[in-house]
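Within every chain, numbering begins at 1; the chains are lettered A, B, ... in the order of the sequence lines, protein sequences first and strands thereafter.
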Number of protein chains: 2
Amino acid sequence: MTNMISNGSGGTTPCQACPLNSNGHFRELTGKQIQFVSRFKVGELNLERGASILVEGDHSAYMFTLLRGWAFRYKALPDDRRQVLNYALPGDLLGLQNSLMSEMQHSVEALTSVTLCVFEKNRVEEIFRNHPNLAFDTTWIAAREERILDEHLLSIGRRSAIERAAYLLAFLSWRVMRVEQRKSGKVVLPFTQTHVADTLGLSMVHTNKTLKKLAVRDLIKWRDGGCEVRDLSGLMEVAKWSDEAEERRPFI
Amino acid sequence: MTNMISNGSGGTTPCQACPLNSNGHFRELTGKQIQFVSRFKVGELNLERGASILVEGDHSAYMFTLLRGWAFRYKALPDDRRQVLNYALPGDLLGLQNSLMSEMQHSVEALTSVTLCVFEKNRVEEIFRNHPNLAFDTTWIAAREERILDEHLLSIGRRSAIERAAYLLAFLSWRVMRVEQRKSGKVVLPFTQTHVADTLGLSMVHTNKTLKKLAVRDLIKWRDGGCEVRDLSGLMEVAKWSDEAEERRPFI
DNA sequence: CGGGCCCTTGAATTCTCTCAAACAATGTGG
DNA sequence: CCACATTGTTTGAGAGAATTCAAGGGCCCG
(Lines give C-alpha, C1' and ligand atoms only; values in the text may rest on other atoms or scores of the structure.)
Protein backbone atom coordinates (compact mmCIF):
# COMPACT_ATOMS: atom_id res chain seq x y z
CA MET A 1 0.00 0.00 0.00
CA THR A 2 2.57 2.55 -0.99
CA ASN A 3 1.71 5.74 -2.79
CA MET A 4 -1.65 5.89 -1.07
CA ILE A 5 -1.83 9.56 -0.51
CA SER A 6 0.81 11.80 -1.96
CA ASN A 7 0.33 15.26 -0.62
CA GLY A 8 1.99 18.18 -2.30
CA SER A 9 4.87 16.00 -3.43
CA GLY A 10 5.78 15.13 -6.99
CA GLY A 11 3.05 13.84 -9.25
CA THR A 12 0.28 15.84 -7.67
CA THR A 13 -1.79 18.00 -9.96
CA PRO A 14 -2.28 21.53 -8.65
CA CYS A 15 -5.89 22.65 -8.91
CA GLN A 16 -4.73 25.79 -10.68
CA ALA A 17 -3.67 23.52 -13.54
CA CYS A 18 -6.58 21.10 -13.27
CA PRO A 19 -7.08 19.51 -16.68
CA LEU A 20 -10.82 19.22 -16.05
CA ASN A 21 -11.28 22.90 -15.37
CA SER A 22 -10.18 23.97 -18.80
CA ASN A 23 -11.41 21.20 -21.04
CA GLY A 24 -14.63 22.94 -22.05
CA HIS A 25 -16.98 20.32 -20.72
CA PHE A 26 -17.06 21.47 -17.14
CA ARG A 27 -18.07 24.83 -15.86
CA GLU A 28 -14.92 26.80 -15.07
CA LEU A 29 -14.28 27.53 -11.43
CA THR A 30 -13.61 31.12 -10.47
CA GLY A 31 -10.23 32.08 -9.09
CA LYS A 32 -11.62 32.22 -5.59
CA GLN A 33 -13.21 28.82 -5.96
CA ILE A 34 -10.01 27.26 -7.25
CA GLN A 35 -8.21 28.73 -4.30
CA PHE A 36 -10.72 27.13 -1.95
CA VAL A 37 -10.69 23.77 -3.70
CA SER A 38 -6.92 23.62 -3.71
CA ARG A 39 -6.91 24.04 0.06
CA PHE A 40 -9.80 21.61 0.36
CA LYS A 41 -7.86 18.97 -1.57
CA VAL A 42 -5.56 17.15 0.83
CA GLY A 43 -3.85 14.87 -1.62
CA GLU A 44 -3.99 12.58 -4.59
CA LEU A 45 -4.58 8.85 -4.66
CA ASN A 46 -3.38 6.49 -7.36
CA LEU A 47 -4.92 3.04 -7.51
CA GLU A 48 -4.70 0.04 -9.80
CA ARG A 49 -7.58 -1.58 -11.63
CA GLY A 50 -9.60 -3.69 -9.21
CA ALA A 51 -8.70 -1.70 -6.11
CA SER A 52 -11.44 -0.69 -3.66
CA ILE A 53 -12.00 3.04 -3.38
CA LEU A 54 -14.82 2.92 -0.85
CA VAL A 55 -16.48 -0.06 0.80
CA GLU A 56 -20.08 -0.52 1.95
CA GLY A 57 -20.25 -0.05 5.71
CA ASP A 58 -17.14 2.14 5.79
CA HIS A 59 -16.87 5.37 7.70
CA SER A 60 -14.07 6.65 5.50
CA ALA A 61 -12.72 10.09 6.28
CA TYR A 62 -12.50 10.92 2.59
CA MET A 63 -14.48 11.96 -0.42
CA PHE A 64 -13.00 11.94 -3.92
CA THR A 65 -13.15 13.48 -7.34
CA LEU A 66 -12.08 11.13 -10.09
CA LEU A 67 -9.33 12.90 -11.99
CA ARG A 68 -8.29 10.13 -14.39
CA GLY A 69 -9.63 6.69 -15.29
CA TRP A 70 -12.87 4.80 -14.69
CA ALA A 71 -14.55 3.53 -11.52
CA PHE A 72 -17.88 1.94 -10.72
CA ARG A 73 -20.32 2.00 -7.83
CA TYR A 74 -22.01 -1.23 -6.76
CA LYS A 75 -24.00 -2.94 -4.05
CA ALA A 76 -24.13 -6.63 -3.15
CA LEU A 77 -26.57 -8.95 -1.42
CA PRO A 78 -25.43 -11.20 1.46
CA ASP A 79 -25.05 -14.12 -0.98
CA ASP A 80 -22.75 -12.14 -3.27
CA ARG A 81 -25.13 -11.30 -6.04
CA ARG A 82 -23.80 -7.97 -7.23
CA GLN A 83 -25.45 -4.99 -8.91
CA VAL A 84 -23.42 -2.25 -10.58
CA LEU A 85 -25.24 1.04 -9.96
CA ASN A 86 -23.29 3.48 -12.08
CA TYR A 87 -19.93 4.23 -13.60
CA ALA A 88 -17.70 7.18 -12.72
CA LEU A 89 -15.69 9.12 -15.29
CA PRO A 90 -13.26 12.00 -14.80
CA GLY A 91 -14.93 14.86 -12.97
CA ASP A 92 -17.34 12.64 -11.07
CA LEU A 93 -17.62 12.94 -7.33
CA LEU A 94 -17.34 9.77 -5.23
CA GLY A 95 -18.39 9.33 -1.62
CA LEU A 96 -20.56 12.39 -1.15
CA GLN A 97 -22.95 10.10 0.75
CA ASN A 98 -20.10 9.34 3.06
CA SER A 99 -19.73 13.03 3.77
CA LEU A 100 -23.38 13.71 4.47
CA MET A 101 -24.39 10.55 6.24
CA SER A 102 -22.79 8.25 8.72
CA GLU A 103 -21.65 5.43 6.48
CA MET A 104 -21.31 4.24 2.92
CA GLN A 105 -24.16 2.12 1.66
CA HIS A 106 -22.42 1.13 -1.53
CA SER A 107 -18.91 0.27 -2.65
CA VAL A 108 -16.73 1.87 -5.29
CA GLU A 109 -14.02 0.06 -7.23
CA ALA A 110 -11.45 1.18 -9.76
CA LEU A 111 -12.27 -0.15 -13.24
CA THR A 112 -9.00 1.05 -14.73
CA SER A 113 -6.02 2.52 -12.96
CA VAL A 114 -7.24 5.80 -11.51
CA THR A 115 -6.12 9.07 -10.01
CA LEU A 116 -8.34 10.58 -7.35
CA CYS A 117 -8.34 14.01 -5.74
CA VAL A 118 -8.76 13.43 -2.01
CA PHE A 119 -10.97 15.65 0.15
CA GLU A 120 -11.66 15.42 3.86
CA LYS A 121 -15.30 14.82 4.52
CA ASN A 122 -15.41 16.74 7.77
CA ARG A 123 -14.61 19.89 5.87
CA VAL A 124 -17.58 19.61 3.53
CA GLU A 125 -19.54 22.00 5.72
CA GLU A 126 -17.10 24.72 4.70
CA ILE A 127 -18.52 24.50 1.22
CA PHE A 128 -22.01 25.20 2.50
CA ARG A 129 -20.89 27.88 4.91
CA ASN A 130 -18.60 29.87 2.65
CA HIS A 131 -19.22 28.94 -0.96
CA PRO A 132 -22.90 29.02 -1.86
CA ASN A 133 -22.18 28.50 -5.53
CA LEU A 134 -20.16 25.38 -4.85
CA ALA A 135 -22.86 24.22 -2.45
CA PHE A 136 -25.38 24.61 -5.24
CA ASP A 137 -23.07 22.66 -7.52
CA THR A 138 -22.79 19.89 -4.97
CA THR A 139 -26.56 19.53 -4.90
CA TRP A 140 -26.63 19.70 -8.68
CA ILE A 141 -24.14 16.84 -8.82
CA ALA A 142 -26.27 14.75 -6.48
CA ALA A 143 -29.35 15.49 -8.58
CA ARG A 144 -27.50 14.45 -11.72
CA GLU A 145 -26.62 11.09 -10.18
CA GLU A 146 -30.28 10.70 -9.32
CA ARG A 147 -31.28 11.30 -12.94
CA ILE A 148 -28.83 8.71 -14.16
CA LEU A 149 -30.18 6.20 -11.67
CA ASP A 150 -33.75 6.98 -12.73
CA GLU A 151 -32.95 6.18 -16.33
CA HIS A 152 -31.01 3.05 -15.35
CA LEU A 153 -33.95 1.89 -13.28
CA LEU A 154 -36.29 2.40 -16.20
CA SER A 155 -33.85 0.43 -18.28
CA ILE A 156 -33.56 -2.56 -15.99
CA GLY A 157 -37.22 -2.58 -15.09
CA ARG A 158 -38.80 -2.08 -18.46
CA ARG A 159 -36.36 -2.49 -21.33
CA SER A 160 -35.71 -5.88 -22.94
CA ALA A 161 -32.26 -7.41 -22.67
CA ILE A 162 -31.05 -6.09 -26.00
CA GLU A 163 -32.51 -2.63 -25.41
CA ARG A 164 -30.89 -2.54 -21.99
CA ALA A 165 -27.51 -3.49 -23.31
CA ALA A 166 -27.79 -0.98 -26.12
CA TYR A 167 -28.80 1.74 -23.70
CA LEU A 168 -25.90 1.06 -21.36
CA LEU A 169 -23.29 1.08 -24.09
CA ALA A 170 -24.80 4.11 -25.81
CA PHE A 171 -25.04 6.07 -22.61
CA LEU A 172 -21.48 5.35 -21.53
CA SER A 173 -20.14 6.04 -24.98
CA TRP A 174 -22.03 9.33 -25.03
CA ARG A 175 -20.59 10.28 -21.64
CA VAL A 176 -17.07 9.57 -22.84
CA MET A 177 -17.55 11.71 -25.93
CA ARG A 178 -18.88 14.50 -23.75
CA VAL A 179 -16.22 14.49 -21.12
CA GLU A 180 -13.47 14.19 -23.70
CA GLN A 181 -15.15 16.83 -25.87
CA ARG A 182 -15.07 14.66 -28.94
CA LYS A 183 -17.42 14.80 -31.90
CA SER A 184 -16.44 11.48 -33.43
CA GLY A 185 -14.04 8.60 -33.22
CA LYS A 186 -14.25 5.22 -31.57
CA VAL A 187 -14.98 4.86 -27.89
CA VAL A 188 -13.71 1.81 -26.02
CA LEU A 189 -15.45 0.95 -22.76
CA PRO A 190 -12.90 -0.75 -20.51
CA PHE A 191 -14.92 -3.44 -18.79
CA THR A 192 -15.56 -7.18 -18.95
CA GLN A 193 -18.81 -8.87 -19.83
CA THR A 194 -19.17 -9.75 -16.17
CA HIS A 195 -19.34 -6.04 -15.38
CA VAL A 196 -21.95 -5.56 -18.07
CA ALA A 197 -23.99 -8.48 -16.73
CA ASP A 198 -23.88 -7.07 -13.22
CA THR A 199 -24.99 -3.70 -14.56
CA LEU A 200 -27.86 -5.01 -16.64
CA GLY A 201 -29.15 -7.41 -14.02
CA LEU A 202 -28.64 -10.37 -16.35
CA SER A 203 -26.54 -13.52 -16.17
CA MET A 204 -23.13 -13.66 -17.78
CA VAL A 205 -24.26 -16.22 -20.34
CA HIS A 206 -27.27 -14.30 -21.47
CA THR A 207 -25.33 -11.06 -21.54
CA ASN A 208 -22.80 -12.67 -23.81
CA LYS A 209 -25.50 -13.83 -26.20
CA THR A 210 -27.15 -10.42 -26.16
CA LEU A 211 -23.90 -8.59 -26.86
CA LYS A 212 -23.29 -10.98 -29.71
CA LYS A 213 -26.52 -9.83 -31.32
CA LEU A 214 -25.34 -6.23 -31.16
CA ALA A 215 -21.98 -7.28 -32.59
CA VAL A 216 -23.63 -9.12 -35.49
CA ARG A 217 -25.42 -5.89 -36.39
CA ASP A 218 -22.02 -4.21 -36.32
CA LEU A 219 -23.08 -1.80 -33.60
CA ILE A 220 -20.26 -2.87 -31.30
CA LYS A 221 -17.20 -5.06 -31.37
CA TRP A 222 -15.88 -6.88 -28.35
CA ARG A 223 -12.15 -7.08 -27.93
CA ASP A 224 -9.37 -7.59 -25.43
CA GLY A 225 -9.66 -4.39 -23.44
CA GLY A 226 -13.43 -4.10 -23.55
CA CYS A 227 -16.20 -2.94 -25.84
CA GLU A 228 -15.64 -0.86 -28.92
CA VAL A 229 -18.70 1.19 -29.82
CA ARG A 230 -18.95 1.35 -33.61
CA ASP A 231 -22.37 2.88 -34.14
CA LEU A 232 -23.62 5.08 -31.35
CA SER A 233 -26.77 6.25 -33.07
CA GLY A 234 -27.59 2.66 -34.01
CA LEU A 235 -27.39 1.72 -30.34
CA MET A 236 -29.54 4.67 -29.36
CA GLU A 237 -32.16 3.55 -31.81
CA VAL A 238 -32.21 0.01 -30.45
CA ALA A 239 -32.47 1.38 -26.92
CA LYS A 240 -35.24 3.82 -27.83
CA TRP A 241 -33.14 6.47 -26.14
CA SER A 242 -32.34 9.98 -27.24
CA ASP A 243 -29.65 12.03 -25.57
CA GLU A 244 -30.28 15.32 -23.94
CA ALA A 245 -28.56 18.54 -24.82
CA GLU A 246 -26.24 19.16 -21.94
CA GLU A 247 -24.73 22.43 -20.93
CA ARG A 248 -21.39 22.74 -19.25
CA ARG A 249 -21.78 21.05 -15.93
CA PRO A 250 -20.27 21.74 -12.54
CA PHE A 251 -17.62 19.70 -10.76
CA ILE A 252 -15.44 20.16 -7.74
CA MET B 1 -59.22 23.23 -11.90
CA THR B 2 -60.40 25.13 -8.86
CA ASN B 3 -58.52 25.16 -5.64
CA MET B 4 -55.21 24.81 -7.46
CA ILE B 5 -53.15 27.12 -5.35
CA SER B 6 -54.69 28.58 -2.27
CA ASN B 7 -52.43 31.23 -0.94
CA GLY B 8 -52.82 32.48 2.55
CA SER B 9 -56.53 31.82 2.46
CA GLY B 10 -58.46 29.33 4.53
CA GLY B 11 -57.14 25.79 4.65
CA THR B 12 -53.48 26.68 4.32
CA THR B 13 -51.19 25.36 7.00
CA PRO B 14 -48.87 28.01 8.41
CA CYS B 15 -45.28 26.76 8.62
CA GLN B 16 -45.20 27.82 12.24
CA ALA B 17 -47.75 25.10 12.91
CA CYS B 18 -46.34 22.57 10.43
CA PRO B 19 -47.34 19.11 11.61
CA LEU B 20 -44.14 17.63 10.22
CA ASN B 21 -41.89 19.92 12.18
CA SER B 22 -43.05 18.69 15.54
CA ASN B 23 -43.76 15.03 14.94
CA GLY B 24 -40.40 13.78 16.18
CA HIS B 25 -39.30 12.16 12.94
CA PHE B 26 -37.96 15.22 11.23
CA ARG B 27 -35.25 17.49 12.45
CA GLU B 28 -36.89 20.59 13.89
CA LEU B 29 -36.32 23.80 12.00
CA THR B 30 -35.05 26.77 13.94
CA GLY B 31 -37.21 29.84 14.33
CA LYS B 32 -35.23 31.68 11.71
CA GLN B 33 -35.51 28.77 9.30
CA ILE B 34 -39.27 28.52 9.79
CA GLN B 35 -39.50 32.21 9.11
CA PHE B 36 -37.61 31.79 5.86
CA VAL B 37 -39.56 28.72 4.76
CA SER B 38 -42.87 30.37 5.46
CA ARG B 39 -41.90 33.22 3.14
CA PHE B 40 -40.51 30.71 0.64
CA LYS B 41 -43.80 28.83 0.57
CA VAL B 42 -46.13 30.54 -1.88
CA GLY B 43 -49.19 28.37 -1.39
CA GLU B 44 -50.73 25.03 -0.92
CA LEU B 45 -51.99 22.62 -3.57
CA ASN B 46 -54.69 20.01 -3.06
CA LEU B 47 -55.00 17.29 -5.66
CA GLU B 48 -57.07 14.15 -6.08
CA ARG B 49 -55.72 10.64 -6.50
CA GLY B 50 -54.46 10.18 -10.05
CA ALA B 51 -53.66 13.84 -10.67
CA SER B 52 -50.33 14.80 -12.24
CA ILE B 53 -48.05 16.79 -9.97
CA LEU B 54 -45.16 17.14 -12.39
CA VAL B 55 -44.77 15.85 -15.93
CA GLU B 56 -41.67 14.69 -17.79
CA GLY B 57 -40.52 17.46 -20.12
CA ASP B 58 -42.16 20.18 -18.04
CA HIS B 59 -40.50 23.43 -17.08
CA SER B 60 -42.76 23.92 -14.10
CA ALA B 61 -42.13 27.01 -12.00
CA TYR B 62 -42.69 25.05 -8.81
CA MET B 63 -41.15 22.63 -6.41
CA PHE B 64 -43.15 20.90 -3.68
CA THR B 65 -43.00 19.34 -0.28
CA LEU B 66 -45.59 16.64 0.23
CA LEU B 67 -47.53 17.60 3.33
CA ARG B 68 -50.23 14.92 3.32
CA GLY B 69 -50.85 11.75 1.31
CA TRP B 70 -48.83 9.60 -1.07
CA ALA B 71 -47.32 10.29 -4.49
CA PHE B 72 -45.04 8.40 -6.83
CA ARG B 73 -42.32 9.26 -9.31
CA TYR B 74 -42.15 7.41 -12.62
CA LYS B 75 -40.67 7.39 -16.09
CA ALA B 76 -42.10 5.90 -19.26
CA LEU B 77 -40.74 4.65 -22.57
CA PRO B 78 -42.18 5.92 -25.89
CA ASP B 79 -44.37 2.79 -26.12
CA ASP B 80 -45.90 3.39 -22.69
CA ARG B 81 -44.00 0.84 -20.66
CA ARG B 82 -43.85 2.52 -17.28
CA GLN B 83 -41.39 2.23 -14.41
CA VAL B 84 -42.20 3.56 -10.95
CA LEU B 85 -38.97 4.97 -9.49
CA ASN B 86 -39.95 5.77 -5.93
CA TYR B 87 -42.80 6.73 -3.68
CA ALA B 88 -43.16 10.02 -1.80
CA LEU B 89 -44.51 10.28 1.72
CA PRO B 90 -45.15 13.35 3.86
CA GLY B 91 -42.00 15.41 4.23
CA ASP B 92 -40.57 14.34 0.88
CA LEU B 93 -39.41 16.96 -1.59
CA LEU B 94 -40.69 16.77 -5.16
CA GLY B 95 -39.26 18.51 -8.19
CA LEU B 96 -35.86 19.51 -6.86
CA GLN B 97 -34.49 18.42 -10.26
CA ASN B 98 -36.82 20.91 -11.80
CA SER B 99 -35.26 23.65 -9.70
CA LEU B 100 -31.66 22.79 -10.44
CA MET B 101 -31.90 21.78 -14.07
CA SER B 102 -33.85 22.94 -17.05
CA GLU B 103 -36.60 20.36 -17.17
CA MET B 104 -38.20 17.42 -15.44
CA GLN B 105 -36.98 14.05 -16.61
CA HIS B 106 -39.60 12.12 -14.71
CA SER B 107 -43.26 12.53 -13.81
CA VAL B 108 -44.93 12.62 -10.42
CA GLU B 109 -48.50 11.56 -9.76
CA ALA B 110 -50.72 11.64 -6.69
CA LEU B 111 -51.36 8.13 -5.36
CA THR B 112 -53.92 9.31 -2.82
CA SER B 113 -55.43 12.73 -2.45
CA VAL B 114 -52.54 14.98 -1.44
CA THR B 115 -51.67 18.34 -0.02
CA LEU B 116 -48.49 19.96 -1.28
CA CYS B 117 -46.55 22.97 -0.05
CA VAL B 118 -45.69 25.02 -3.11
CA PHE B 119 -42.32 26.71 -3.56
CA GLU B 120 -41.06 28.81 -6.43
CA LYS B 121 -38.08 27.23 -8.06
CA ASN B 122 -36.41 30.47 -9.01
CA ARG B 123 -36.02 31.29 -5.35
CA VAL B 124 -34.07 28.13 -4.55
CA GLU B 125 -30.83 30.03 -4.82
CA GLU B 126 -31.85 32.01 -1.75
CA ILE B 127 -31.47 28.83 0.25
CA PHE B 128 -27.89 28.47 -0.87
CA ARG B 129 -27.09 32.14 -0.48
CA ASN B 130 -28.59 32.77 2.93
CA HIS B 131 -29.25 29.47 4.66
CA PRO B 132 -26.23 27.18 4.60
CA ASN B 133 -27.85 24.69 6.93
CA LEU B 134 -30.90 24.38 4.72
CA ALA B 135 -28.61 24.13 1.72
CA PHE B 136 -26.85 21.24 3.39
CA ASP B 137 -30.22 19.66 4.11
CA THR B 138 -31.22 20.01 0.48
CA THR B 139 -28.14 18.11 -0.57
CA TRP B 140 -28.79 15.56 2.16
CA ILE B 141 -32.30 15.04 0.79
CA ALA B 142 -30.95 14.50 -2.71
CA ALA B 143 -28.40 12.02 -1.37
CA ARG B 144 -31.12 10.15 0.48
CA GLU B 145 -33.11 9.76 -2.71
CA GLU B 146 -29.97 8.41 -4.33
CA ARG B 147 -29.58 5.78 -1.62
CA ILE B 148 -33.16 4.65 -2.03
CA LEU B 149 -32.66 4.34 -5.78
CA ASP B 150 -29.45 2.39 -5.24
CA GLU B 151 -31.25 -0.17 -3.13
CA HIS B 152 -34.17 -0.33 -5.55
CA LEU B 153 -31.75 -0.92 -8.40
CA LEU B 154 -30.11 -3.75 -6.49
CA SER B 155 -33.56 -5.13 -5.92
CA ILE B 156 -34.74 -5.06 -9.51
CA GLY B 157 -31.42 -6.17 -10.89
CA ARG B 158 -30.54 -8.96 -8.51
CA ARG B 159 -33.42 -10.01 -6.32
CA SER B 160 -35.91 -12.70 -7.40
CA ALA B 161 -39.53 -11.73 -7.93
CA ILE B 162 -40.63 -12.72 -4.45
CA GLU B 163 -37.63 -11.08 -2.77
CA ARG B 164 -38.27 -7.94 -4.77
CA ALA B 165 -41.91 -7.78 -3.79
CA ALA B 166 -41.06 -8.45 -0.16
CA TYR B 167 -38.41 -5.75 -0.19
CA LEU B 168 -40.75 -3.16 -1.67
CA LEU B 169 -43.55 -3.80 0.77
CA ALA B 170 -41.19 -4.02 3.74
CA PHE B 171 -39.40 -0.83 2.82
CA LEU B 172 -42.58 1.19 2.29
CA SER B 173 -44.12 -0.17 5.45
CA TRP B 174 -40.95 0.73 7.35
CA ARG B 175 -41.06 4.26 5.95
CA VAL B 176 -44.67 4.70 7.01
CA MET B 177 -43.90 3.54 10.54
CA ARG B 178 -41.01 5.97 10.66
CA VAL B 179 -42.75 8.99 9.38
CA GLU B 180 -45.78 8.36 11.55
CA GLN B 181 -43.57 7.54 14.52
CA ARG B 182 -45.29 4.25 15.16
CA LYS B 183 -43.82 1.21 16.81
CA SER B 184 -46.52 -1.24 15.84
CA GLY B 185 -49.90 -1.58 14.21
CA LYS B 186 -50.96 -2.40 10.69
CA VAL B 187 -49.72 -0.42 7.73
CA VAL B 188 -51.85 -0.23 4.60
CA LEU B 189 -50.08 0.71 1.38
CA PRO B 190 -52.59 2.51 -0.83
CA PHE B 191 -51.76 1.25 -4.29
CA THR B 192 -53.00 -1.23 -6.88
CA GLN B 193 -51.18 -4.31 -8.10
CA THR B 194 -50.52 -2.45 -11.32
CA HIS B 195 -48.47 0.07 -9.37
CA VAL B 196 -46.56 -2.74 -7.70
CA ALA B 197 -45.91 -4.39 -11.04
CA ASP B 198 -44.60 -1.16 -12.52
CA THR B 199 -42.35 -0.71 -9.51
CA LEU B 200 -40.93 -4.21 -9.54
CA GLY B 201 -40.40 -4.36 -13.29
CA LEU B 202 -42.72 -7.37 -13.59
CA SER B 203 -45.98 -7.99 -15.45
CA MET B 204 -49.29 -7.58 -13.68
CA VAL B 205 -50.07 -11.27 -13.87
CA HIS B 206 -46.79 -12.40 -12.43
CA THR B 207 -46.96 -9.74 -9.75
CA ASN B 208 -50.36 -11.01 -8.74
CA LYS B 209 -49.07 -14.57 -8.43
CA THR B 210 -46.04 -13.41 -6.47
CA LEU B 211 -48.14 -11.36 -4.05
CA LYS B 212 -50.36 -14.37 -3.59
CA LYS B 213 -47.36 -16.33 -2.35
CA LEU B 214 -46.67 -13.67 0.25
CA ALA B 215 -50.35 -13.66 1.23
CA VAL B 216 -50.39 -17.45 1.66
CA ARG B 217 -47.53 -17.12 4.11
CA ASP B 218 -49.65 -14.55 5.93
CA LEU B 219 -47.04 -11.82 5.46
CA ILE B 220 -49.50 -9.52 3.71
CA LYS B 221 -53.16 -9.34 2.90
CA TRP B 222 -54.52 -7.68 -0.18
CA ARG B 223 -57.75 -5.76 0.17
CA ASP B 224 -59.87 -3.03 -1.36
CA GLY B 225 -57.72 -0.02 -0.63
CA GLY B 226 -54.34 -1.67 -1.12
CA CYS B 227 -51.90 -3.92 0.70
CA GLU B 228 -52.02 -4.59 4.40
CA VAL B 229 -48.63 -5.53 5.79
CA ARG B 230 -49.13 -8.14 8.48
CA ASP B 231 -45.58 -9.27 9.20
CA LEU B 232 -42.89 -6.72 8.51
CA SER B 233 -39.98 -8.73 9.85
CA GLY B 234 -41.15 -11.75 7.89
CA LEU B 235 -41.02 -9.67 4.71
CA MET B 236 -37.59 -8.35 5.61
CA GLU B 237 -36.36 -11.89 6.01
CA VAL B 238 -37.70 -12.94 2.63
CA ALA B 239 -36.11 -9.87 1.04
CA LYS B 240 -32.77 -10.43 2.77
CA TRP B 241 -32.98 -6.82 3.85
CA SER B 242 -32.28 -5.25 7.21
CA ASP B 243 -33.30 -1.73 8.01
CA GLU B 244 -30.88 0.94 9.01
CA ALA B 245 -31.02 2.90 12.19
CA GLU B 246 -32.14 6.33 11.10
CA GLU B 247 -31.72 9.55 12.96
CA ARG B 248 -34.10 12.44 12.68
CA ARG B 249 -33.86 13.60 9.13
CA PRO B 250 -34.12 17.02 7.56
CA PHE B 251 -36.99 18.35 5.46
CA ILE B 252 -38.01 21.70 4.11
C1' DC C 1 3.82 -26.01 -19.12
C1' DG C 2 0.08 -24.99 -16.03
C1' DG C 3 -3.16 -21.82 -14.00
C1' DG C 4 -6.13 -18.02 -14.12
C1' DC C 5 -9.14 -15.02 -16.39
C1' DC C 6 -12.31 -14.09 -19.86
C1' DC C 7 -15.19 -15.16 -23.77
C1' DT C 8 -18.14 -18.53 -26.22
C1' DT C 9 -21.57 -22.17 -27.09
C1' DG C 10 -25.15 -25.84 -26.38
C1' DA C 11 -28.75 -27.99 -23.70
C1' DA C 12 -32.01 -28.55 -20.09
C1' DT C 13 -34.52 -26.17 -16.64
C1' DT C 14 -36.89 -22.42 -14.52
C1' DC C 15 -38.90 -18.09 -14.63
C1' DT C 16 -41.74 -14.66 -16.61
C1' DC C 17 -44.69 -13.01 -20.21
C1' DT C 18 -48.72 -12.74 -23.11
C1' DC C 19 -53.23 -14.16 -24.10
C1' DA C 20 -57.65 -15.21 -22.56
C1' DA C 21 -61.33 -15.46 -19.56
C1' DA C 22 -63.84 -14.76 -15.47
C1' DC C 23 -65.14 -12.55 -11.14
C1' DA C 24 -65.94 -8.85 -7.68
C1' DA C 25 -66.87 -4.21 -6.47
C1' DT C 26 -68.29 0.26 -7.81
C1' DG C 27 -70.76 3.76 -10.14
C1' DT C 28 -73.99 5.54 -13.76
C1' DG C 29 -78.00 6.27 -16.38
C1' DG C 30 -82.43 4.75 -17.48
C1' DC D 1 -84.23 -1.22 -9.16
C1' DC D 2 -81.72 -3.13 -12.96
C1' DA D 3 -78.54 -3.07 -17.07
C1' DC D 4 -74.19 -1.80 -18.19
C1' DA D 5 -69.49 -0.01 -18.17
C1' DT D 6 -65.31 0.45 -15.58
C1' DT D 7 -61.66 -0.79 -12.69
C1' DG D 8 -59.02 -4.05 -10.29
C1' DT D 9 -58.05 -8.88 -8.96
C1' DT D 10 -57.63 -13.81 -10.02
C1' DT D 11 -56.51 -18.09 -12.64
C1' DG D 12 -55.01 -21.27 -16.38
C1' DA D 13 -52.38 -22.39 -20.37
C1' DG D 14 -48.94 -21.92 -23.93
C1' DA D 15 -45.10 -19.18 -25.65
C1' DG D 16 -41.05 -16.84 -24.92
C1' DA D 17 -37.07 -15.21 -22.21
C1' DA D 18 -33.40 -15.90 -19.07
C1' DT D 19 -31.07 -18.98 -15.90
C1' DT D 20 -28.07 -22.71 -14.55
C1' DC D 21 -25.03 -26.35 -15.75
C1' DA D 22 -21.39 -27.90 -18.43
C1' DA D 23 -17.61 -27.71 -21.37
C1' DG D 24 -14.24 -25.81 -24.41
C1' DG D 25 -11.17 -22.23 -26.35
C1' DG D 26 -8.02 -18.20 -26.38
C1' DC D 27 -4.80 -15.50 -24.13
C1' DC D 28 -1.42 -13.91 -20.89
C1' DC D 29 1.85 -14.63 -17.28
C1' DG D 30 4.68 -16.91 -13.89
Check your understanding: For DNA chain D, which nucleotides open and close the run of contacts to chain B, 5' to 3', at under 4.0 angstrom from a non-hydrogen atom?
Key -> dG8(D) to dA13(D)
Check your understanding: Under 3.5 Å, is there a donor-acceptor pair linking the side chains of Arg164(B) and Thr210(B)?
Key -> no
Exercise for review: Classify the side-chain pair Ser203(A)/His206(A) by whether it contains a donor and acceptor separated by less than 3.5 Å.
Suggested key: no
Point to revise | Partners passing side-chain contact (heavy atoms from CB on, under 4.5 Å) against Arg249(A) (at least two apart in sequence or in another chain) | key: His25(A), Phe26(A), Asp92(A), Trp140(A), Arg144(A), Val179(A), Glu246(A)
Exercise for review: Tell me yes or no: between the side chains of Asp150(B) and Gln105(A), is some donor less than 3.5 Å from an acceptor?
Suggested key: no
Check your understanding: For residues Tyr74(A) and Thr199(A), is any side-chain donor paired with an opposing acceptor at under 3.5 Å?
Key -> no
Exercise for review: Tell me, please, which residues at least two apart from Arg81(A) pass side-chain contact (heavy atoms from CB on, under 4.5 Å).
Suggested key: Leu77(A), Asp79(A), Arg158(B), Glu163(B), Lys240(B)
Review point. Along nucleotides 5-18 of chain C, 5' to 3', which nucleotides get a B, which get an S, and which get a -, given that the test is a protein heavy-atom distance under 4.0 Å?
Key: -SSBBBB----SSB
Review point. So, do Asp198(B) and Arg82(B) sit near enough that their side-chain heavy atoms are less than 4.5 Å apart?
Key: yes
**Study point:** Partners passing salt bridge (Lys or Arg N to Asp or Glu O under 4.0 Å) against Asp224(B) (at least two apart in sequence or in another chain)
**Key:** none
Practice item. Would you mind reading off the bend of the helix from dC1(C)-dG30(D) to dG30(C)-dC1(D) from its two end axes, five pairs each, to 10 degrees? Key: 30°
Point to revise | Plane angle bin for Trp174(B) and Phe171(B) - parallel if under 30°, tilted between 30 and 60°, otherwise perpendicular | key: parallel
Review point. Parallel, tilted or perpendicular: which describes the rings of His195(B) and Phe72(B), with under 30° parallel and over 60° perpendicular?
Key: perpendicular
